[in-house]
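Contents: one structure, followed by commentary.
None of these values were measured; they are calculated from a predicted model.
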Amino acid sequence: MLSLLFLVAVLVLGFWKKVNMGFLAMGMALIIARLGGIPDKTVISNFSTNLFISLVGPAFLFSMAVNNGTMDLLAKKMLRIVGKNTWCIPLLLSAMTFLLAAAGCGNIPTFSIILPLGIALAVELGIDVIAMGLIITLACNLGCMSPIANGGIIAAGLIAETPYAGQFSWSLFAECALVWLLLTLGFYFLYKLYKPGTEQLAMLDDVHPFDRNQKLTLLACLAVVVVVFAFGVNIGLAAPLAAIILCIFGVASDKAAIRIMPWGTFILVCGVNMLMAVVKALGGIDLLVEGLTSIMSGSTAKPIMALAAGVMSWFSSTTGVVMPALIPTITGILEQFPGAGYAPLITSITITSFLAAFSPASTGGAGIMAQYAIFTKDKGDQDTNKLFVRLFLTSIVSVLVSVVFAFVGIYNIF
């Protein structure tokens with residue numbers, strides 16, 4: 001319980017005192033770790049190097065693309081292609097993202113490539129930048145539940161260890177597609193993405209051709225896309241390699257790119273992850289989950305498991321922790337509550353867990369924060385903390401919506 005109170009304290013103090021929550025979280029992690037008997041080296045080991053590299057690598061390359069005008073010009077050219085039908089850009093981009101993730105590219109690589117473009121387009125359109133990031137994140141995460149994409153393959157592997165082996169993969173993907181469509185339309189109309197902030201398309205009249213450096217920058221970005229999607233190379237490693245090659249040939253400046261990279265955001269996200277790992281180690285998350293399952297009944301099994309998955313996903317990976325931890329429990333739950341149904345339970349767990357990824361402590365929310373800071377050149381801790389809170393509240397509301405979906409039977413359709 002004490003560890004959960006420390007987590008709340010970080011959120012409150014960071015927002016109230018306008019300090020970077022990442023450094024605050026590191027300090028709080030040290031205090032509660034000492035109180036809980038956890039060694040300092042264990043706390044430090046919870047700094048996610050994988051997350052850090054996955055954020056810094058693409059940010060380095062795309063900061064170069066922003067700095068030399070490549071992304072801005074690309075966004076304008078795309079806007080020019082659709083003419084006055086700019087209202088459809090968010091929907092088309094979301095559909096393209098969903099299909100790309102579902103085709104086998106998976107959520108993280110697709111997210112890393114599409115998100116910067118989406119943010120750039122949102123800035124040019126004058127629409128809500130964060131909302132554009134939300135629909136891209138949604139499309140990546142739910143699209144990857146295709147049977148041939150990473151999330152769907154993981155789910156199938158977990159199901160294979162149960163009496164239901166070989167079943168429910170397509171029904172799970174169908175539910176994911178339905179929720180993606182419903183929530184995309186919800187964000188689209190809620191945040192008025194159909195209404196660009198400006199109708200002045202004259203801004204596109206002076207769009208010039210890409211110069212040599214911009215063409216090479218685009219080529220480098222395309223090369224990263226190819227090696228990530230075709231060869232499975234980690235984008236956190238491929239992107240900085242492409243970026244440094246651009247620097248060697250005088251196409252872009254590494255110093256200029258580094259200056260506009262959102263280092264405060266990287267510290268914020270990784271620092272909070274360190275604290276969350278300590279909270280989990282001290283049983284804070286288990287305490288929440290146990291409290292939920294103790295009040296479960298046949299009619300509430302699906303919403304309670306959905307809520308448990310959402311809560312766990314705020315502190316851990318959907319595909320790496322939540323799914324492997326909760327999906328195997330479904331068989332035992334069905335022994336006590338057979339009417340709950342295997343497919344609705346696995347759908348409730350998976351979709352709710354992915355919706356929690358809007359949290360800035362998850363890859364989705366963290367990526368939105370990082371790209372927002374790059375394309376808006378936001379460096380202030382105050383604005384960063386406000387964005388952190390907004391994304392976390394969006395995650396909470398989305399989880400609650402999914403819990404309602406589970407309760408009313410939306411996850412029983414397919």
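- In terms of heavy-atom proximity, Tyr194 sits nearest to Phe189 at CE2-CD2, 3.6 Å.
- How far CZ of Arg390 is from CZ of Phe358: 11.5 Å, rounded to the nearest 0.5 Å.
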inquiry  = Determine whether Phe354 and Leu142 satisfy the following criterion, side chain to side chain contact (heavy atoms under 4.5 Å, CB included), listing intermediate values before the conclusion.
reply    = CA-CA 7 Å; Phe354 269 131; Leu142 296 187; 4.2 Å; yes

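- A 4.5 Å side-chain heavy-atom check between Ile135 and Tyr188 finds every atom pair outside the cut-off.
- Glu175 places a side-chain N or O within donor-acceptor distance of the main-chain N or O of Phe414, the cut-off being under 3.5 Å.
- Here SG of Cys221 is found 10.0 Å from CG of Leu117. Values are rounded to the nearest 0.5 Å.
- Between Leu193 atom CG and Leu125 atom CG the span is 9.0 Å, to the nearest 0.5 Å.
- Across every non-hydrogen atom of Asn46 and Ala277, the tightest pair is CG-CB, 3.4 Å.
- Residue Trp263 places its CH2 atom among more than 12 non-hydrogen atoms of other residues, nucleotides or ligands, all under 6.0 Å distant.
- Within a 6.0 Å radius of CZ in Phe210, more than 12 heavy atoms belonging to other residues, nucleotides or ligands are found.
- Rounded to the nearest 0.5 angstrom, Asp211 CG and Thr70 OG1 are separated by 7.0 Å.
- The structure places CG of Leu138 at 6.5 Å from CZ of Phe187, a figure rounded to the nearest 0.5 Å.
- To the nearest 0.5 angstrom, Ile260 atom CD1 is 10.5 Å from Phe60 atom CZ.
- Here the closest heavy-atom approach between residue Ser402 and residue Thr352 is recorded as OG-OG1, 2.6 Å.
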request  = Mind running side chain to side chain contact (heavy atoms under 4.5 Å, CB included) on Cys140 and Ile136 for me, showing each step along the way?
outcome  = CA-CA 6 Å; Cys140 290; Ile136 291 172; 4.2 Å; yes

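- Proximity of Leu282 to Leu35: side-chain heavy atoms (C-beta onward) are nowhere separated by under 4.5 Å.
- Between Val401 and Leu355, every side-chain heavy-atom pair lies at or beyond the 4.5 Å cut-off.
- Checked by atom type, the side-chain pair Ser359/Ser395 shows no donor-acceptor distance below 3.5 Å.
- Side-chain contact between Leu73 and Gln214 is present, with heavy atoms from C-beta onward closer than 4.5 Å.
- The closest side-chain heavy-atom distance from Leu218 to Lys215 is not below 4.5 Å.
- Ser353 and Ser313 make their closest contact through O-OG, 2.8 Å (heavy atoms, listed as atom of the first residue, atom of the second, distance).
- Counting only N and O atoms by type, the side chains of Asn67 and Ser253 include no donor and acceptor under 3.5 Å apart.
- The closest donor-acceptor contact from the side chain of Thr347 to the backbone of Ala343 lies under 3.5 Å.
- Side-chain polar atoms of Asn107 and Asn141 form a donor-acceptor pair below 3.5 angstrom.
- Ring centroid separation for the pair Phe392 and Trp314 comes in under the 6.0 Å cut-off.
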message = side chain to side chain contact (heavy atoms under 4.5 Å, CB included), that's the test. Do Asp254 and Met64 meet it? Break it down for me.
response = CA-CA 7 Å; Asp254 60 329; Met64 290 183 177; 4.1 Å; yes

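- Ring planes of Phe405 and Tyr411: perpendicular class, angle over 60° (limits at 30 and 60°).
- Across all their heavy atoms, Leu391 and Gly365 have their closest contact at CD1-O, 3.6 Å.
- Across all non-hydrogen atoms, the minimal contact from Thr86 to Pro196 is OG1-CG, 3.3 Å.
- The side-chain heavy atoms of Ile368 and Val129, taken from C-beta on, include no pair separated by under 4.5 Å.
- For the pair Met26 and Phe47, the minimum side-chain heavy-atom distance is below 4.5 Å.
- Under the 3.5 Å distance criterion, the side-chain polar atoms of Thr42 are left unmatched by any main-chain donor or acceptor of Ile38.
- Salt-bridge formation is detected for the pair Asp40/Arg34: a Lys NZ or Arg NE/NH1/NH2 atom is positioned less than 4.0 Å from an Asp or Glu carboxylate oxygen.
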task = Show your working on side chain to side chain contact (heavy atoms under 4.5 Å, CB included) between Leu246 and Leu61 and close with a plain yes or no.
result = CA-CA 9 Å; Leu246 293 178; Leu61 175 60; 4.0 Å; yes

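- Inter-residue side-chain proximity for Met323 and Ile346 is flagged as unmet; no heavy-atom pair is nearer than 4.5 Å.
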